[in-house]
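Presented below is the structure to which this report refers.
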Amino acid sequence: MTELRQGSAPLRAGVVSGPSPSVRPRGLSRPEGVAPTVAALVAVAALYFGAAQTGFVFAFATKQVTAVWPPTGLALAALVLGGIRLWPGVAAGAFIANITANEPLLTAVGITVGNTLEAVAGAWLLSLLPGFQPSLARIRDVLALGGAALASTLISATIGVASLLAGGLITAGTIGSVWRVWWLGDVSGDLLVAPVVLVFGSLVLDRTPGATGQVARAAGAALLLGIAAVLVFSPAESYVYLLLPAVFAVGLRFRQTGAALGSLVLACVAIWATRHGEGPFAGASPDIEMLRAQTFVAVVGLTALLVAAIRTERAAAEEQVALVARMVAERTAELSAANRELEAFSYSVSHDLRAPLRAINGYSKAIVEDYAGVLDSDGVAMLQRMRSASQRMAQLIDEMLMLSQLTRKPMHRRRVDLGAIAHEVADELCAADPGRSAEFAIDPGMVVVGDAELLRTVVRNLLENAWKFSSGQHNTHIEFSRRHDGTFVVKDNGAGFDMRYADKLFRPFERLHTQTEFPGSGVGLTTVQRVIRRHGGEAWAEGRVGEGAAFYFTLPTEEP
Amino acid sequence: MIADDHPILLVEDNEDDEVLTVRALRKSGVANRIDVAHDGEAALDYLLDRARELPALVLLDLKLPKVSGLDVLRRTRADERGKLVPIVILTSSKEESDLVAGYSGGANSYVRKPVDFDQFADSVRQLGLYWLVINEPLVVRGECE
């Protein structure tokens with residue numbers, strides 16, 4: 001904060017007793033909010049007092065004002081880390097700091113109230129940001145601190161200046177400039193001192209591993225920065241911008257620790273040099289010198305913290321990306337292992353499951369041939385049934401393998417004319433059953449993008465299905481068209497089905513009819529659905545018993 | 001129907017398949033001696049033995065103990081003399097990988113054993129007819145002869 005000292009009297013005074021000056025909005029106290037220990041309160045008060053004494057080091061000789069008021073930052077950090085319940089410590093520290101400086105009691109009380117309210121308001125504002133991290137690791141944390149600093153310090157500046165005026169320590173004419181200096185000094189305290197306490201406090205509270213080494217290296221870097229700053233601030237020419245890359249580099253390398261320490265060191269040098277008439281900010285009225293130094297240190301402090309936060313967020317994002325990449329790699333490995341297993345399984349099925357069936361079938365036949373004399377017609381018929389059953393099981397095995405391959409085979413997408421395929425299939429169906437009266441209505445121009453072989457399976461299955469289930473009709477009518485919304489439909493005038501069982505249609509080996517009504521294994525529509533889903537589309541069916549069925553499917557539209 | 005002094009080598013580990021294949025061959029009138037190797041190693045011993053005459057036809061299963069059918073095929077084809085013998089893969093699977101490996105390994109033919117014995121017998125009959133009668137074999141005698 002900007003401290004304004006007139007004569008030898010610091011204009012900060014505190015009231016230890018009396019009505020509580022703090023605003024305590026609901027939800028402010030921390031969940032663990034037991035009464036603060038006396039030790040914690042004494043510590044805060046002592047630190048505040050010490051910070052106030054340090055603040056006078058930054059005083060500008062000419063007008064007895066300080067460019068940075070460290071106690072403001074210290075108080076804010078203490079209330080953020082330790083809870084707003086520590087406010088009496090702030091009030092006590094402020095009171096002692098000013099009571100020892102002989103100012104009118106009323107003025108001292110006013111200033112103390114302002115200082116305490118300022119810290120409480122700042123901590124409360126930060127508590128409004130869900131998950132505010134005192135480590136300032138994220139951009140939003142830094143921006144929140146900046147916002148809280150700019151806003152909460154308005155309280156202290158306004159109450160403080162009013163107290164000075166009431167005590168007759170300033171004249172009405174200087175209100176504007178005193179208010180501005182006070183406000184910017186407090187803002188700088190929040191932006192330069194609070195970060196150091198917050199960041200170091202977080203390191204301690206979080207028990208960050210390797211924190212000591214990190215702090216030591218950051219401090220070393222800050223020291224080098226300070227030496228560079230001393231060199232830069234020696235000549236009167238303005239080369240101050242030379243320091244910017246250096247302080248940002250320290251923020252990049254040492255993150256929040258480096259940014260906080262580096263900008264604080266830079267601020268000390270800048271203010272000390274300006275106060276002693278050195279460097280680019282000197283050589284004007286104290287008021288202007290002050291303004292130059294304050295804006296410089298506040299901007300550097302905030303920007304350095306932002307740079308560090310950006311760096312940290314980027315590192316976190318990179319970590320996230322690496323984690324996702326690792327997960328993808330793991331999943332891919334798992335998936336290909338599962339695929340390999342599936343392949344090994346189906347290989348073994350295709351080799352080993354058929355051999356016993358061949359034996360059953362072959363020996364049944366051998367019995368019929370070699371023992372015809374001792375078998376009656378029933379016995380021969382039973383053996384014949386065994387042979388049919390083994391054949392049927394072999395067919396099921398083949399279809400199971402085919403289904404499992406549908407989802408494993410690589411897809412080759414290209415333009416496919418569904419209508420052309422449909423015409424070929426229709427011709428084959430008619431040729432295989434030349435006596436049947438049937439007509440196919442197939443839309444022209446049904447060109448899509450997909451795997452030609454797989455889509456051929458879809459068209460073939462749907463048309464064969466329609467052909468099979470309309471075999472009982474006098475005149476078969478099958479339609480294959482694309483509707484306005486892009487949905488494809490294959491419609492027949494066949495046996496239809498009960499909509500209650502519509503979901504069963506697409507399940508493998510599920511059937512709605514017996515083998516004698518309509519032969520089949522129940523994988524045709526499953527195949528259709530799997531292929532369509534692999535293409536990113538959907539398949540469904542509508543029908544009524546005796547009134548035919550309609551099978552719909554969609555395919556995502558994409559440019560070939 | 002066919003009488004030849006050259007044997008047929010049946011490489012088959014499954015006893016039922018062996019019985020049924022021999023039955024089908026005999027029913028088709030194949031009179032050649034039928035030698036059986038029950039694993040890949042025995043098949044290689046047979047085929048790579050210079051003292052033994054080459055069979056007129058090898059019926060080779062793929063899934064075999066010890067040395068796989070595909071390895072038997074490759075190593076026989078790598079042999080100077082073994083290049084000349086007709087090898088027909090006779091197996092349960094029609095996995096595409098098996099087909100590709102079979103043909104690129106130098107198989108003369110790839111036949112999937114049907115489950116139905118009538119179809120199986122018919123396949124075997126046609127195989128015998130083609131390879132033992134229609135096809136003109138290159139006669140290679142064993143070195144001892």
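A note on names: the letters A, B, ... follow the listed sequences, proteins ahead of strands, and every chain is numbered from 1. A quick note: this is a predicted structure, and the numbers were derived from the prediction, not measured.
Atom CD of A:E424 sits in a crowded spot, with more than 12 heavy atoms from other residues, nucleotides or ligands closer than 6.0 Å. Surrounding CE of A:M411 are more than 12 heavy atoms belonging to other residues, nucleotides or ligands, all under 6.0 Å away. Around CD of A:E428, the count of heavy atoms belonging to other residues, nucleotides or ligands within 6.0 Å exceeds 12. Shown here is B:Y103, whose OH atom has more than 12 heavy atoms of other residues, nucleotides or ligands within 6.0 Å. Other residues, nucleotides and ligands contribute only 12 or fewer heavy atoms inside 6.0 Å of the CZ atom of A:R385.
At a 4.5 Å heavy-atom cutoff, A:Q395 makes no contact with chain B through either its backbone or its side chain. Of the atoms belonging to B:K27, it is side-chain heavy atoms, and not backbone ones, that fall under 4.5 Å from chain A. When heavy atoms are compared at a cutoff of 4.5 Å, B:D116 approaches chain A by way of both its backbone and its side chain. Heavy-atom distances place no part of A:S364 under 4.5 Å from chain B, backbone and side chain included. Residue A:S388 does not touch chain B at all, counting heavy-atom pairs closer than 4.5 Å. For B:D61, no part lies under 4.5 angstrom from a heavy atom of chain A.
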Quiz item: What do the steps show when you test A:Q405 against B:E96 for side-chain contact (heavy atoms from CB on, under 4.5 Å), and what is the final call?
Solution: CA-CA 11 Å; A:Q405 264 164 6; B:E96 201 172 303; over 6 Å; no

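In this structure, B:R23 and A:K365 have side chains that are not in contact, with every pair of non-hydrogen atoms separated by 4.5 Å or more. Side-chain contact between A:R354 and B:R112: present, with at least one pair of heavy atoms (C-beta onward) separated by less than 4.5 Å.
Closest heavy-atom contact between B:V115 and A:A394: CG2-CB, 3.3 Å. Of all the heavy atoms in A:A355 and B:D17, the pair that sits closest is CB-OD2, 4.2 Å. In terms of heavy-atom proximity, A:Y363 sits nearest to B:V19 at OH-CB, 3.7 Å.
Checked for salt-bridge contact, A:R358 and B:D16 miss the test: no charged N lies under 4.0 Å from a carboxylate O.
To the nearest 0.5 Å, atoms CG (A:D352) and OG (B:S93) are separated by 10.0 Å.
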